Amino acid sequence: MPGPRARRTLYGTIRCMVSSAQKIPAYSPQTIEPKWQKIWEERRQYEATESDVKAKFYLLEMLPYPSGDLHVGHARNYTLGDVIARFRRMRGLNVLHPMGWDAFGLPAETAAIARGMHPRAWTASNIANMRSQIKKLGTSYDWTREVDTSSPEFYRWTQWLFLLMFRKGLAYKAEAYLNWCPKDKTVLANEQAEGGVCWRCGTKVERRKLNQWFFRITQYADRLLEGLDRLEDWPERVKTMQRNWIGRSEGATLSFEVESGIGHVDVFTTRVDTLFGATFLAIAPEHPLLPRLIAGHEEASAVEAFAASLKDKTELDRTQLMEKQGVFTGAHAKNPLSGERIPIWVTNYVVAEYGTGAVMGVPAHDQRDFDFAREHGIVIRTVVKPADAASVPSASKLPSAFVDDGVLVNSGEFSELTSAAARTAMTAKLVAKGAGTPTVNYKLRDWLISRERYWGAPIPMILCPRDRYVPVPESELPVRLPDDAPITGVSGSPLEHVPSFMNTTCPKCGGPATREPETMDTFMCSSWYFLRYLSPHDAREPWSQKAVRYWAPVDHYIGGIEHAVLHLMYSRFFYKVLADEGLVPGDEPFMRLFNQGMVLGEGHEKMSKSHGNTIGIDEAVRKYGADALRIFEMFAGPPESDFPWSTTGIAGATKMLQRIWRLVLQHEPALRPQLQSGGRADVDGRPSDAAETELRHSVHAKIKQIGDELDDRMHLNTCVAAIMSLINDVDDFAAKHEHADESPAFAEALRTLLLLLAPFAPHIAEELWERTGHEGSIHQQHWPAYDPAALQRASIAVVVQVNGKRRGVVDAPPGLDENAVFEKAKIVETVAAQLQNKRVRKLVYVKDKLLNIVAN
RNA sequence: GCCCCGUUAGCUCAGUGGUAGAGCAUCCGGCUUUUAACCGGUUGAUUCGAGUUCGAUUCUCGGACGGGGCACCA
């Protein structure tokens with residue numbers, strides 16, 4: 001006959017099986033997720049207001065373009081933000097987490113042409129659809145702050161900001177060669193045509209000369225660079241990309257007098273020290289002096305033909321031609337220091353828009369000039385030799401240009417100087433002669449912000465025959481976008497064909513005038529939208545000063561790497577202008593930047609409509625539930641790297657949630673005592689046996705690990721792994737411990753498990769919180785504090801090595817000294833066997849971890 | 001060509017100057033029929049070479065492979 005204990009155990013097991021079969025309901029995300037989403041919304045749980053006592057945390061994800069549908073890649077982005085938002089709230093911060101729509105842009109016009117739908121209607125229906133998809137993920141946005149950049153209430157302030165730029169002299173209209181995308185039929189800013197292709201559609205851009213509006217972002221080049229140094233929590237690669245794009249280079253502008261009093265050709269160089277090696281000048285075909293240079297020379301017609309052949313070639317076309325081309329102009333110039341007479345060439349490799357559109361050709365010390373000189377039989381003269389070279393290498397035998405710094409030769413009074421010293425000395429002499437100026441040049445060009453398109457914010461300017469460009473008075477904003485413009489897709493602004501829009505009066509003289517028919521680059525909307533969230537319904541200011549002093553800057557910004565230069569540089573520029581106006585605190589808008597990776601298709605290919613491999617949010621949530629989708633996407637890899645979609649992976653997430661579901665509901669009675677004590681189970685969680693000590697160790701280690709991870713590095717995948725590991729430990733305890741449900745440590749573990757899970761799987765955590773009798777939302781609980789004492793162990797397994805190889809393990813109390821551990825180790829059989837017939841030479845002891853016995 | 005990052009189990013990812021973990025997959029058993037949403041268990045790994053060290057998956061150097069950025073900007 002079995003004893004009382006055995007009987008009880010057997011009975012307990014049977015009862016447990018019966019109750020689990022009868023009482024535990026199925027986990028149904030399709031039921032609980034909409035339920036909680038509705039309750040949270042009714043309770044207005046995630047709406048944020050300024051607080052006098054709580055510290056703020058402004059968390060932002062880049063606002064999406066409302067293209068119609070969201071897939072699981074977008075879900076990853078929003079989930080990442082949501083986990084952080086929920087965690088920060090539990091940490092006691094006042095979290096602002098808004099969402100909105102970058103609603104102006106080309107696809108709406110394309111859709112209008114293709115389907116005969118008005119861009120506004122198309123955009124509105126897409127927004128409605130996408131908003132519902134984002135809500136289905138269980139995201140905790142404050143929807144009362146939603147913005148739509150295409151609404152007059154919003155674009156009124158985009159126009160206001162244009163006027164601010166104009167007033168500050170930062171907006172101007174000019175004729176220039178521009179990038180033109182033949183597919184999208186629009187001009188593009190330089191950043192938007194990187195690599196010679198349209199950033200949106202990848203089509204090769206063409207070159208067109210047009211009269212357009214620009215912002216003087218180049219005036220802020222140095223400040224944009226300097227600010228990067230202070231952005232410690234930005235990914236290094238984004239900063240590198242911005243630095244490369246701005247492309248600052250220090251040098252000097254040198255003036256070469258042209259023969260016969262035609263004037264002078266200015267060149268920019270970073271290598272003044274190589275001036276004596278200049279054997280030609282190379283100018284771009286667009287150089288303004290060119291017509292005068294060739295006038296009267298027999299070479300004139302050849303030069304004109306060459307320039308004409310390049311006229312429509314973009315920078316990329318010209319520079320990608322492997323071979324450098326050029327034609328002699330027939331003109332000569334004089335070296336400002338040596339007085340040497342050198343020929344002037346027109347070439348395809350000098351960029352008209354950079355520097356002065358002219359360079360001095362120093363073939364011996366510049367690879368491009370070297371290639372060109374070889375091709376065209378131009379003299380190559382060495383003027384810099386390597387510091388350690390005994391003699392000057394013969395120029396005719398050089399395999400390539402020597403581009404490093406060195407020691408000057410063949411440079412008159414400057415010979416024997418180092419390159420660096422020569423640059424200083426030669427620049428000083430040139431300045432004294434009036435033939436040179438120290439200069440800083442940038443690759444960055446001014447930002448082209450006008451677009452000959454319909455679906456954008458109209459530029460609030462009026463063209464008066466008498467007063468030229470006159471800004472629309474602020475009181476007349478917004479300049480409304482008329483609904484009835486003909487959208488045909490042909491070039492030219494659609495607004496031009498709407499007389500009721502175009503015809504107006506000049507605010508200055510009252511005479512008849514016309515409006516600027518162009519609209520603004522949508523990157524303007526996204527350059528300031530994050531400030532509008534702060535007081536989205538304010539009709540008097542773009543953002544309230546009180547709100548901006550509390551919330552700005554954005555503490556944590558999440559978005560794709562594709563905006564490393566584009567949106568993130570434009571926004572920084574805007575913010576610095578606004579800082580100069582005293583309209584925002586600080587001068588950087590985004591303190592911490594995080595670039596999330598992509599979700600790829602199951603075969604590691606990019607997920608896109610054209611691949612036909614997209615998995616929509618609706619579909620994924622319907623099939624698996626939002627919590628499983630969230631858990632899978634957070635677990636599948638570190639947030640910054642790409643990972644492939646995996647149906648088995650998401651099934652794994654479901655399994656994990658089901659395990660928690662069963663575990664918590666099966667052991668729900670365990671939580672009752674601590675509910676009666678007002679949730680203070682943690683303090684009563686003192687362990688009474690070894691298993692409880694182990695369980696508490698695990699629980700508190702996980703609290704610390706997950707909290708640290710979310711505070712700092714944000715590798716959310718490791719947090720999910722830690723939760724899985726905790727489930728294993730809790731499960732093991734329940735299976736092995738006879739009175740699990742009476743153990744305070746176990747109750748603490750279950751409760752903690754739910755709290756740790758809450759940011760990741762908010763619905764199931766909330767549902768179980770309620771089902772286990774807790775009051776209030778789990779999302780308004782405090783993040784648990786870990787007990788440092790629980791992280792200490794009574795007994796530690798110290799590894800024993802012999803000659804660096806693991807041979808055994810001994811149990812020791814923490815802090816045991818070397819000799820005591822050695823005494824214990826010697827009697828371990830596997831260790832003793834290794835020590836036989838050997839002399840112990842040395843002991844290496846790492847306290848509480850390891851003893852290595854070196855013996856031979 | 002230059003610069004940066006990475007390479008851990010079959011797959012996707014953790015981790016550590018000293019015992020290498022998770023999920024999925026595999027295999028075994030249970031449950032019974034779940035048709036890529038059951039339970040328990042099992043197998044299984046540090047890219048290569050050299051160096052530093054008592055001990056290297058971890059640190060250093062070099063190679064291979066993969067990813068990213070820059071590339072006529074004077």
Side-chain angles (χ1 to χ4, degrees), chain A residues 26-27 29 194-195 235-238 240-241 243-245 247-249 251 267-271 274 282 315-316 318-322 324 347-362 365-369 371-372 403 441-445 561 564-565 600 604 623-625 628 631-632 635-638 640-659 662 705 709 715 717-725 727-728 731 735 797-806 808-809 841-846 849-856:
Chain A
Y27 166 54
E194 207 183 340
E236 210 48 55
R237 65 169 175 157
V238 173
T240 303
M241 283 162 78
R243 284 190 190 107
N244 284 339
W245 187 258
R248 184 181 203 272
S249 72
V267 305
F268 173 73
T269 180
T270 57
R271 292 298 303 274
T274 64
E315 267 180 39
L316 186 79
R318 297 182 191 200
T319 55
Q320 269 193 350
L321 293 171
M322 289 314 283
K324 297 193 171 31
T347 70
N348 62 342
Y349 76 92
V350 174
V351 179
E353 286 84 9
Y354 181 78
T356 59
V359 303
M360 62 179 199
V362 186
H365 305 293
D366 182 288
Q367 191 57 42
R368 297 154 298 183
D369 298 341
D371 295 341
F372 186 78
V403 298
N441 245 308
Y442 302 90
K443 199 180 103 169
L444 180 70
R445 319 248 170 104
I561 188 71
V565 172
L600 306 170
H604 292 78
K623 267 179 147 159
Y624 313 107
I631 289 283
F632 165 68
F635 178 60
E640 68 273 17
S641 37
D642 299 346
F643 65 77
W645 177 257
S646 158
T647 6
T648 53
I650 197 164
T654 300
K655 229 188 280 190
M656 164 182 162
L657 294 175
Q658 280 180 324
R659 254 184 100 188
R662 275 195 311 269
Q705 183 192 339
E709 194 67 65
H715 278 191
N717 53 329
T718 68
C719 299
V720 178
I723 293 172
M724 287 174 175
S725 159
I727 296 167
N728 286 339
D731 222 350
V798 176
V799 170
V800 182
Q801 294 183 334
V802 179
N803 294 331
K805 286 202 168 59
R806 188 187 173 206
V809 65
R841 303 285 172 183
K842 189 176 169 186
L843 292 178
V844 181
Y845 182 57
V846 183
K849 269 196 158 170
L850 170 133
L851 177 72
N852 186 17
I853 304 164
V854 184
N856 61 9

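Every chain is numbered from 1, with letters handed out A, B, ... down the list of sequences. Here the structure is a predicted model, which means the values were calculated and not measured.
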Within the structure, does a side-chain N or O atom of A/Asn717 lie under 4.0 Å from either OP1 or OP2 of B/A14?
yes

Non-hydrogen atoms of A/Phe643 and A/Gly637 that approach each other most closely:
CD2-N, 4.1 Å

Looking at A/Thr718, I'd like to know whether one of its side-chain N or O atoms comes within less than 4.0 Å of OP1 or OP2 on B/C13.
no

Spacing between A/Leu600 atom CG and B/G67 atom P, to the nearest angstrom:
12 Å

Using a 4.0 Å heavy-atom cut-off across all strands, classify A/Ser249 as base, sugar-phosphate, or nothing.
sugar-phosphate

Can you check the distance between B/U43 and B/G10, where both ends of the measurement are the C1' atom (answer in whole Å)?
12 Å

Taking all heavy atoms of A/Leu851 and all of A/Val798, pick out the closest pair and write down the distance.
N-CG1, 3.9 Å

Suppose you measure atom C1' in B/G30 against the same atom in B/C11; what distance do you get, rounded to whole Å?
27 Å

Which nucleotide sits closest to the side chain of A/Val799: B/A36, B/U19, B/G69?
B/U19

I'd like the P distance from B/U19 over to B/U57, given in whole Å.
10 Å

Taking only residues two or more places apart in sequence or in another chain, which ones pass salt bridge (charged side-chain N to carboxylate O under 4.0 Å, His left out) with A/Glu709?
A/Arg713

Check A/Val403 against A/Gln367 and note the closest heavy-atom contact, atom names and distance.
CG1-N, 4.1 Å

A/Tyr354 has an atom OH; how far is it from atom P of B/A71, in whole Å?
12 Å

So which nucleotide does B/U34 pair with, by the Watson-Crick or G-U wobble rule with both distances under 3.5 Å?
none

Nearest 0.5 angstrom please: A/Met241 CE to A/Glu236 CD, how far?
13.0 Å

Between the protein and nucleotides 54-56 of chain B, list every N/O to N/O distance that falls short of 3.5 Å.
{"from": "B/C54", "atom 1": "O2", "to": "A/Asn852", "atom 2": "ND2", "distance (Å)": "2.0"}

Mind listing the closest non-hydrogen atom pair of A/Met656 and A/Ile727 along with its distance?
CG-CD1, 3.8 Å

Starting the side chain at C-beta, find the nucleotide from B/C72, B/C70, B/G23 nearest to A/Met724.
B/G23

Between B/C39 and B/A25, how far is it from one P atom to the other, in whole Å?
11 Å

Give A/Glu709 one of three labels, base, sugar-phosphate or nothing, depending on what nucleic acid heavy atoms sit under 4.0 Å from its own.
nothing

Given atom CD1 of A/Ile650 and atom C1' of B/U12, what is their separation to the nearest angstrom?
14 Å

Can you check each nucleotide of nucleotides 37-42 of chain B against protein heavy atoms at under 4.0 Å and return B for base, S for sugar-phosphate only, - for none, in 5' to 3' order?
BSSS--

Nearest-angstrom distance from the residue atom CH2 of A/Trp645 to P of B/C24:
16 Å

From NZ of A/Lys849 across to P of B/U19 the rounded distance in Å is 9 Å

Side chains of A/Ser249 and A/Tyr354, donor plus acceptor under 3.5 Å:
yes

Specify the separation, in whole Å, of atom CG of A/Asp642 and atom P of B/G66.
17 Å

Residues in side-chain contact (heavy atoms from CB on, under 4.5 Å) contact with A/Ala721, at least two apart in sequence or another chain:
A/Phe635

As its Watson-Crick or G-U partner within any shown strand, both distances under 3.5 Å, B/C13 has B/G21

What interatomic distance, in whole Å, is found between C1' of B/G21 and the corresponding atom of B/A9?
11 Å

In whole Å, I'd like the distance from the CE atom of A/Met241 to the P atom of B/C5.
16 Å

Just to be sure I understand the rule, does A/Thr269 reach a base, reach only the sugar-phosphate, or reach nothing, if contact means heavy atoms closer than 4.0 Å?
sugar-phosphate

Base-pairing assignment for B/G66 (Watson-Crick or G-U wobble, both under 3.5 Å):
B/C5

Among the candidates B/A22, B/C24, B/G68, find the nucleotide nearest to the side-chain atoms of A/Arg237.
B/G68

Given that both distances must come in under 3.5 Å, which nucleotide forms a Watson-Crick or G-U wobble pair with B/U57?
none

Quick one: on RNA chain B, does A/Phe643 or A/Val350 contact a more 5' nucleotide (nearest heavy atom)?
A/Phe643

Expressed in whole Å, how much space separates the C1' atoms belonging to B/C54 and B/C4?
36 Å

For A/Tyr349, all residues meeting side chain to side chain donor-acceptor pair (under 3.5 Å), sequence neighbours excluded:
A/Asp369

Sorted by chain and number, sequence neighbours left out, side chain to side chain donor-acceptor pair (under 3.5 Å) with A/Thr240 holds for none

Grab the CG-P distance between A/Leu657 and B/C24 for me, whole Å please.
12 Å

Between B/G44 and B/C3, how far apart are the two P atoms, rounded to whole Å?
42 Å

Between B/G6 and B/A14, how far is it from one C1' atom to the other, in whole Å?
15 Å

Show the nearest heavy-atom pair for residues A/Arg445 and A/Val351, with the distance to one decimal.
NH2-CG1, 4.0 Å

Ion pair A/Arg271/A/Asp366, N-O distance below 4.0 Å
no

